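Start at 1 and go down the list; that is how both ligands and their atoms are numbered. Nothing here was measured: the structure is a model prediction, and the numbers come from that model. Side-chain atoms are counted along with the backbone in the values below, which use heavy atoms only and exclude waters and symmetry mates.
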Amino acid sequence: MSKFFSSQLNKLSPYVPGEQPQGRQYVKLNTNESPYFPSRYSIDGISREELEKLRLYSDPECMELRKAIAEYYGVKKENVITSNGSDEVLAFAFQAFGSKGIVFPDITYGFYSVFASLYNLDYKKIPLKEDFSINVNDYLSTRKMVVLANPNAQTGKYLELSEIEKIVNENADNVVLIDEAYIDFGGESAVKLTKKYGNLVVVQTFSKSRSLAGARVGFAVANEELINDLNRIKYSFNPYNVNRLSILLATNAIKDKEYFEFCTKKIIEEREKLTCELTKRGFTVLDSKANFVLARPNAIKGKELYEKLKERGVLVRRFDDERISDFVRITIGSKEQMQTLLEQTDKILGEKL
Ligand SMILES: *Cc1c(COP(=O)(O)O)cnc(C)c1O
């Protein structure tokens with residue numbers, strides 16, 4: 001830190017992204033990206049003419065993209081705000097609604113505590129149950145902003161929509177934010193509840209189920225008043241927050257339902273297969289509705305497995321949080337990638353015998 005760095009931010013400890021290796025080619029199963037290409041409509045939409053338009057600013061209202069998202073979910077475009085990755089709209093929401101404090105689970109997306117620190121907001125981590133599920137009763141009448149990833153980050157565990165509704169209903173005086181980065185892999189979205197509840201914000205991303213992590217596009221759906229609040233932050237920060245090419249890529253991607261269904265179905269199939277194969281090998285595998293599984297090997301430490309897999313060209317993710325430090329998080333890739341992962345795992349476990 002230089003002597004010029006703001007003293008209020010002395011204690012800020014920034015988010016640490018998963019590795020994005022630029023040299024060696026890994027079987028990359030560490031940051032929950034899609035193994036599939038973006039929709040061909042997305043790719044074909046980037047013409048020379050569109051590239052030439054880069055001299056012009058992008059549409060600050062992201063009208064075409066918001067309309068496409070609104071149509072997909074059967075809401076109005078006034079109920080949608082788009083952002084530079086969902087991380088950005090999450091940051092807007094923390095700033096906009098977090099002043100009374102924020103609660104979220106002890107094991108969840110690491111960015112929540114970082115945003116809270118960045119904006120100097122009080123937050124409390126509520127421990128997940130022993131089996132890593134959310135205790136709904138912990139989130140009733142909190143008098144604070146509630147932030148839940150569903151399915152939850154790191155664990156992959158899914159909370160039924162009726163349980164989400166209970167939490168939203170019992171927190172009428174504060175905002176409940178549901179981060180649905182992984183909802184397309186078998187969960188039911190809470191978007192439809194935004195019509196009924198004026199305190200619910202649902203955040204989604206194009207990074208996971210729509211193969212556009214590198215384009216950086218996310219969005220939130222909520223009632224119009226909450227969206228206006230989020231826009232107040234956006235227009236005080238970066239009005240042109242989504243670039244021209246990303247608007248185009250995402251608009252074409254969300255219209256391509258057929259390809260989306262093909263990709264998500266494949267990933268769900270591979271997830272179920274992997275869960276079964278790892279269980280056979282003695283792993284404890286949490287029941288996941290996401291595009292990853294969190295699994296603990298029994299014959300070897302998670303950290304050792306992570307390191308040995310990396311030596312063998314397979315990159316998975318692990319975390320230092322005490323409760324999950326013996327686990328590895330494995331992104332669901334293609335069938336071939338899952339085969340490689342299992343082959344290498346077998347070799348590593350074999351050496352241990
Ligand atoms: C990946 C992820 C995000 C961030 O997604 P971007 O849209 O790429 O910024 C947000 N929340 C959770 C829980 C995630 O796993």
Legend entry - Heavy-atom side-chain proximity of Y139 to K166 below 4.5 angstrom: no
Inset, instruction - Provide the number and element of each atom of ligand 1 under 4.0 Å from a heavy atom of G85. - result: 7 (O), 9 (O)
Legend entry - Partner residues of F115 under the ring-ring contact (aromatic ring centres under 6.0 Å, His included) criterion, sequence neighbours left out: F94, F111
Legend entry - Numbered atoms of ligand 1 (with element) below 4.0 Å of S207, judged on heavy atoms: 6 (P), 7 (O), 8 (O)
Legend entry - ligand 1 contact on D179 by region, counting heavy-atom pairs under 4.0 Å: side chain
Legend entry - Any I183 side-chain heavy atom under 4.5 Å of V202 side chain: no
Legend entry - Shortest protein heavy-atom distance from atom 5 (O) of ligand 1, along with the residue and atom involved: S86 OG, 3.1 Å
Legend entry - Proximal ligand 1 atoms for R216, defined as those under 4.0 Å from one of its heavy atoms: 6 (P), 8 (O), 9 (O)
Legend entry - Those residues that, when tested against K100, pass side-chain contact (heavy atoms from CB on, under 4.5 Å) (two or more places apart): N174
Legend entry - Path from I332 to L309 over hydrophobic side-chain contacts below 4.5 Å: yes
Inset, instruction - Answer with side chain, backbone, both or neither: which part of A181 has a heavy atom less than 4.0 angstrom from an atom of ligand 1? - result: side chain
Inset, instruction - Verify side-chain contact (heavy atoms from CB on, under 4.5 Å) between Y73 and S189, making sure each step is shown before the conclusion. - result: CA-CA 10 Å; Y73 272 114; S189 174; 4.1 Å; yes
Inset, instruction - For atom 15 (O) of ligand 1, state which one of F292, F111, Y182 supplies the nearest heavy atom. - result: Y182
Inset, instruction - Decide whether the shortest distance between a heavy atom of E88 and an atom of ligand 1 is less than 4.0 Å. - result: no
Inset, instruction - Starting from atom 1 (C) of ligand 1, locate the nearest protein heavy atom and write down its residue, its atom name and how far away it is, to 0.1 Å. - result: K208 NZ, 1.3 Å
Legend entry - Pair K335-K273, side-chain contact (heavy atoms from CB on, under 4.5 Å): steps then yes or no: CA-CA 10 Å; K335 185 173 167 191; K273 268 173 28 196; 4.2 Å; yes
